[in-house]
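Okay, structure first, notes after.
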Amino acid sequence: MRRYVYTLIDPRTSEVRYVGETDNPARRLSQHAAANTGGATWAWCRELRALDLSPRMRIVEVVDANDETTVRRTTRLAERKW
């Protein structure tokens with residue numbers, strides 16, 4: 001089982017604006033771009049879309065383990081670190 005810890009980066013400033021984890025980075029980036037959740041990340045993505053921009057995703061850590069409990073625990077620790 002593999003999970004990815006990633007950052008979303010503002011293309012205008014190169015600032016890290018979000019840290020998350022996923023098992024499918026491409027799908028997760030699309031979800032961020034299309035989300036309509038009303039939260040801070042959504043507002044930021046909406047602001048970028050209005051400028052015809054999108055966040056950049058950078059994989060910062062890959063967590064690979066045989067059982068889901070280990071993967072989840074390790075991923076949470078890595079996410080906090082970043």
| task | Could you tell me which non-hydrogen atom of Asp23 sits nearest to which non-hydrogen atom of Tyr4, and how far apart they are? | result | O-CE1, 3.8 Å
| Smallest separation among heavy atoms of Pro55 and Leu48, with atom names | N-CD1, 3.6 Å
| task | Scan residues 7-33 for pairs that pass ring pair (Phe, Tyr, Trp, His ring centres under 6.0 Å), counting only residues two or more places apart or in two chains. | result | Tyr6-His32, Tyr18-His32
| remark: Minimal heavy-atom distance between Ala78 and Val5, with the atoms involved, is CB-CG2, 3.7 Å
| task | Before giving the answer on salt bridge (Lys or Arg N to Asp or Glu O under 4.0 Å), spell out for Glu21 and Arg72 the whole-Å C-alpha distance, their side-chain angles and the decisive distance to 0.1 Å. | result | CA-CA 10 Å; Glu21 55 92 11; Arg72 291 284 181 189; 3.5 Å; yes
| So which pairs with a foot in residues 42-66 pass salt bridge (Lys or Arg N to Asp or Glu O under 4.0 Å), sequence neighbours left out? | Arg2-Asp64, Arg12-Glu47, Glu61-Lys81
| query | Same cluster for Trp82 and Val16 if Ile/Leu/Val/Met/Phe/Trp/Tyr side chains link at under 4.5 Å? | reply | yes
| field | Joint hydrophobic cluster, Leu51 plus Trp42, side-chain heavy atoms closer than 4.5 Å | value | no
| remark: Sequence neighbours excluded, the answer for side-chain contact (heavy atoms from CB on, under 4.5 Å) partners of Ser54 is none
| query | Can you name the nearest heavy-atom pair linking Pro11 to Leu53, along with the distance? | reply | CG-CB, 4.2 Å
| query | With the 4.5 Å side-chain cut-off for hydrophobic clustering, are Leu77 and Met1 part of the same group? | reply | no
| task | Could you tell me the separation between the CD1 atom of Ile9 and the CZ atom of Arg17, rounded to the nearest 0.5 Å? | result | 12.0 Å
